[in-house]
Number of protein chains: 2
Amino acid sequence: MTGLTRTNSCPPPMDDGGAVREVLDRISDKWSLLVVGALREGPLRFGALEKTITGISQRMLTLTLKHLVEDGLISRTAYAEVPPRVEYELTDLGKTLMPLVIALAEWALEHRDEINANRRR
Amino acid sequence: MTGLTRTNSCPPPMDDGGAVREVLDRISDKWSLLVVGALREGPLRFGALEKTITGISQRMLTLTLKHLVEDGLISRTAYAEVPPRVEYELTDLGKTLMPLVIALAEWALEHRDEINANRRR
DNA sequence: CAGCATCCGGCTTGATACTG
DNA sequence: CAGTATCAAGCCGGATGCTG
């Protein structure tokens with residue numbers, strides 16, 4: 001916890017048990033990255049997210065959204081209209097994560113055949 | 001599940017329920033990325049990994065290692081010695097993932113204060 | 001040292017019902 | 001439409017103990 005075993009060298013990319021873990025735990029759950037990725041092109045409504053992220057339950061979407069809003073990665077805007085409308089959008093902080101999500105997605109696409117082939121054995 | 005509810009719009013870089021999900025599910029579990037990151041500087045023994053990745057249980061390390069080997073991200077080499085020695089090492093495929101892990105770690109370090117501040121409210 | 005077997009608590013999920 | 005509340009079920013991960 002006090003963590004950050006001072007690795008003397010120049011800023012090491014990744015110290016095992018410290019700050020990285022702290023944040024990584026938060027974004028590497030099953031849905032967070034998917035939600036962030038879904039918002040890459042702009043704000044989306046609750047229902048739209050539900051349709052975009054195939055397989056997520058209403059409950060998990062609600063919870064994940066809440067966590068991401070708490071972390072400040074996305075913002076929630078409720079419009080006081082007759083059919084209630086709520087939009088979720090990436091914050092500036094959230095946007096800084098986008099390149100990584102994209103990169104991850106591209107990596108996934110690029111190597112999934114290889115991975116699947118490996119798994120098949 | 002039948003999934004892929006034809007989103008009328010044009011094919012986005014990251015299709016929600018498809019290949020990305022498939023791979024993302026595999027690497028976005030609690031430990032995989034940590035294990036990959038731990039191997040960034042070269043092969044490590046089981047025990048070394050256990051010490052490096054603070055907090056991981058033996059069971060989860062075993063399982064995670066097994067999965068990563070199956071996926072072909074790391075290789076396992078057992079030396080037939082008196083005290084058994086087993087080393088794990090990134091494969092070429094695994095190495096392609098490293099830059100992303102590094103980037104993720106750097107992002108985490110860079111933004112964790114902000115995230116923690118947000119959460120505090 | 002490496003890693004498998006077992007028990008168990010918590011999170012994830014799906015379904016359902018209800019509110020603003 | 002956009003959630004919240006609740007319950008039952010399943011899977012995952014954690015701790016402990018045992019084996020090759």
Side-chain angles (χ1 to χ4, degrees), chain A residues 1 16-17 21-22 24-36 38-39 42-71 74-89 119, chain B residues 1-3 5 7 16-17 21-39 43-71 73-89 119:
Chain A
M1 305 305 169
D16 41 296
R21 273 287 298 282
E22 197 176 313
L24 219 54
D25 275 356
R26 213 172 295 294
I27 61 170
S28 83
D29 65 273
K30 192 171 185 179
W31 302 109
S32 293
L33 287 180
L34 273 332
V35 171
V36 171
L39 292 173
L44 243 43
R45 309 177 54 167
F46 187 92
L49 281 169
E50 205 170 4
K51 278 186 299 185
T52 300
I53 306 169
T54 313
I56 195 171
S57 65
Q58 195 183 45
R59 183 176 136 92
M60 287 322 298
L61 179 54
T62 301
L63 289 177
T64 303
L65 247 17
K66 190 180 298 182
H67 290 149
L68 290 174
V69 168
E70 279 176 13
D71 292 353
I74 64 177
S75 62
R76 192 195 114 115
T77 309
Y79 298 89
E81 298 174 358
V82 177
R85 182 163 58 100
V86 179
E87 289 195 337
Y88 293 89
E89 187 175 13
R119 280 186 59 84
Chain B
M1 296 307 168
T2 58
T5 53
T7 44
D16 40 298
R21 270 288 298 282
E22 199 174 314
V23 177
L24 217 54
D25 274 357
R26 216 173 293 296
I27 63 173
S28 83
D29 65 275
K30 193 170 184 178
W31 301 110
S32 292
L33 288 180
L34 273 331
V35 170
V36 171
L39 293 172
L44 244 43
R45 310 178 53 168
F46 188 92
L49 281 169
E50 205 169 6
K51 278 186 299 184
T52 300
I53 305 170
T54 314
I56 195 172
S57 67
Q58 198 181 45
R59 180 176 131 94
M60 286 323 300
L61 180 54
T62 301
L63 288 178
T64 304
L65 248 17
K66 187 181 300 181
H67 289 149
L68 289 174
V69 168
E70 280 176 12
D71 291 353
L73 290 171
I74 65 177
S75 62
R76 191 194 116 115
T77 310
Y79 298 89
E81 299 175 356
V82 178
R85 182 162 60 99
V86 179
E87 288 194 336
Y88 294 90
E89 186 175 11
R119 279 187 60 83

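Chain letters run A, B, ... following the sequence lines, proteins first, then strands; residues in each count from 1. Just so you know, these numbers use all the heavy atoms, side chains as well, and skip hydrogens, waters and symmetry mates.
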Kindly say whether S28(A) contributes a backbone atom to a donor-acceptor pair with the side chain of S32(A) at under 3.5 angstrom? no
Can you give me the closest heavy-atom contact between T54(A) and R21(B), atom names plus distance? O-NH1, 2.9 Å
Looking at every heavy atom in both I27(B) and L33(B), which two are closest together, and how far apart are they? O-CG, 3.4 Å
Flag side-chain contact, heavy atom, 4.5 Å: V35(A) against Y88(A): no
I want to check something: taking the side chain as every heavy atom from C-beta on, are L39(B) and L49(B) in contact at a cut-off of under 4.5 Å? yes
Would you kindly compare L63(A) and P83(A) by the position of their nearest DNA chain D nucleotide and give the one closer to the 5′ end? P83(A)
Atom-to-atom span, [atom1] of [X] to [atom2] of [N] - whole angstrom:
X: K30(B); N: dG14(D); atom1: NZ; atom2: C1'; result: 9 Å
X: M60(B); N: dC11(D); atom1: CE; atom2: C1'; result: 11 Å
X: H67(B); N: dC4(C); atom1: NE2; atom2: C1'; result: 14 Å
X: R59(A); N: dA9(D); atom1: CZ; atom2: P; result: 16 Å
X: I56(A); N: dT12(C); atom1: CD1; atom2: C1'; result: 11 Å
X: Y79(B); N: dG20(D); atom1: OH; atom2: C1'; result: 20 Å
X: E81(B); N: dG20(D); atom1: CD; atom2: C1'; result: 16 Å
X: Y88(B); N: dC1(C); atom1: OH; atom2: P; result: 15 Å

Which nucleotide in the set dA2(C), dC4(C), dA2(D) lies at the smallest distance from any side-chain heavy atom of K66(B)? dC4(C)
Taking only N and O in the side chain of [X], is any of them less than 4.0 Å away from OP1 or OP2 of [N]?
X: S57(A); N: dT13(C); answer: no
X: W31(B); N: dG14(D); answer: yes
X: R45(A); N: dA2(D); answer: yes

Can you check whether any acceptor in the base of dG3(D) is under 3.5 Å from a donor in the side chain of Q58(A), or vice versa? yes
